[in-house]
S.K.: 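Here's a structure for you.
Letters A, B, ... are given to chains in the order of the sequence lines, protein chains preceding strands, and every chain is numbered from 1.
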Amino acid sequence: MTGNVPFVAPLPKGFFRRDAVTVARDLVGAAIYVRGVSGRIVETEAYRQDDAASHSFRGPTRRNAAMFGPAGCAYVYRSYGLHLCLNVVCAAGEAVLLRALEPLTGQDIMTQRRSQMPLRQLCAGPGRLSQALGITPGDNFRPFDRTDFFLSGADHTPDIVQGPRIGISRATELDWRFGQAESPYLSRPF
DNA sequence: CTCTGGATCCACT
DNA sequence: GTGGATCCAGAGC
């Protein structure tokens, strides 16, 4: 296994203010730092306003307000009444769902938060990822612009695979799920 | 106001 | 592979 050393490469200005599909692809291989723990992003999904599977499809509401806020901020929502899911806001009404990480630092903390789950499953899924990172509803709207809440560019360009998004019932024909090829930390194989 | 169905995870069979 | 947990936003009346 390689790449267990954290890296920091600030993303270019305007990186997030783009099409969510482009950002979703470009975030594979990037790293996320949240309050002392970090991971490499190995799986993402894009959601756009012209996309029947997106929370933003029918325009701004109270829940999806962050999706219409500044690019580069978090959109956090509760799923199935239990889990939290973490997105990064892109262009207006668009966001990238972070679906899986390869744990980098703070593995002990993440393991504790995740009830001693094995490394491979620590961040393999949007709810698991949010729990491992300690994301709360209070992180909704939070900009990724601090050392303890940050998104870094990739330290190398991984091979990318893509396919249909998971767990949706509309717009299933769109291949807007992106992953790092052959990563053992994916929520599901492609 | 009521009703429905999730951008999920986990335990169990 | 299946079903339960758990709850609230959004839609419709």
S.K.: Does a salt bridge link A:Arg165 with A:Glu45, judged by any charged N lying under 4.0 Å from a carboxylate O?
M.R.: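 Salt bridge: no.
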S.K.: Identify whether any heavy atom of A:Arg114 sits under 4.0 Å from a base atom; if not, whether one sits that close to sugar-phosphate; answer base, sugar-phosphate or nothing.
M.R.: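 Here A:Arg114 touches the backbone only, sparing every base.
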S.K.: In whole angstrom, give me the gap between the C1' atoms of B:dA7 and C:dG1.
M.R.: 22 Å
S.K.: Please list residues of residues 71-90 of chain A whose heavy atoms come under 4.0 Å from any atom in DNA chain C, ordered by number; otherwise none.
M.R.: A:Tyr80, A:Gly81, A:Leu82
S.K.: In terms of the nearest nucleotide of DNA chain B, which residue is placed more toward the 5' end: A:Gln121 or A:Ser169?
M.R.: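 Taking each residue's closest nucleotide, the earlier one in sequence belongs to A:Ser169.
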S.K.: Under 6.0 Å from the CZ atom of A:Arg17, do we count more than 12 heavy atoms belonging to anything else shown?
M.R.: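 Atom CZ in A:Arg17 is not packed in, count stays at 12 or less.
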S.K.: Mind checking which nucleotides bracket the chain A contacts on DNA chain B, 5' to 3', with an atom under 4.0 Å from a heavy atom?
M.R.: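 Boundary nucleotides touching chain A, in 5' to 3' order, are B:dG6 to B:dC10.
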S.K.: Do A:Asp108 and A:Thr111 have side-chain atoms, one donor and one acceptor, less than 3.5 Å apart?
M.R.: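 No.
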S.K.: Give me the ring orientation class for A:Phe150 and A:Tyr33: parallel if the planes are under 30° apart, tilted from 30 to 60°, perpendicular past 60°.
M.R.: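 A:Phe150 and A:Tyr33: tilted rings.
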S.K.: Assert yes or no for the condition that the ring centre distance of A:Tyr47 to A:His55 is strictly below 6.0 Å.
M.R.: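 Not under 6.0 Å, so no.
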S.K.: CZ of A:Arg62 versus C1' of C:dG10: gap in Å, rounded?
M.R.: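 From A:Arg62 CZ to C:dG10 C1': 11 Å.
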S.K.: Donor-acceptor check, side chain of A:Ser187 to backbone of A:Gly125, threshold 3.5 angstrom: yes or no?
M.R.: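 It does not hold such a pair.
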S.K.: Indicate, with a heavy-atom threshold strictly under 4.0 Å, whether A:Arg63 touches base, sugar-phosphate, or nothing.
M.R.: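 Sugar-phosphate contact only.
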S.K.: Within the distance-only criterion (no hydrogens, no angle test), does the side chain of A:Asn87 pair as donor or acceptor with the backbone N or O of A:Ala74 below 3.5 angstrom?
M.R.: no
S.K.: Which string of ( ) [ ] | and . matches DNA chain C, if you list each base 5' to 3' and count Watson-Crick or G-U pairs only when both distances are under 3.5 Å?
M.R.: |||||.||||||.
S.K.: Run the salt-bridge test on A:Asp51 and A:Arg170 with the 4.0 Å N-O cut-off and return the result as yes or no.
M.R.: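 Salt bridge: no.
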S.K.: State plainly whether the residues A:Arg35 and A:Asp139 are in salt-bridge range, i.e. N to O under 4.0 Å.
M.R.: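 A:Asp139 and A:Arg35: salt-bridged.
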S.K.: My understanding is that only one of A:Ile166, A:Ile168, A:Thr44 makes a side chain to side chain contact (heavy atoms under 4.5 Å, CB included) with A:Arg177; could you say which?
M.R.: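 One option only clears the test, and that one is A:Ile166.
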S.K.: Taking atom CZ of A:Arg18 as the centre, does the number of heavy atoms from other residues, nucleotides or ligands within less than 6.0 Å exceed 12?
M.R.: yes
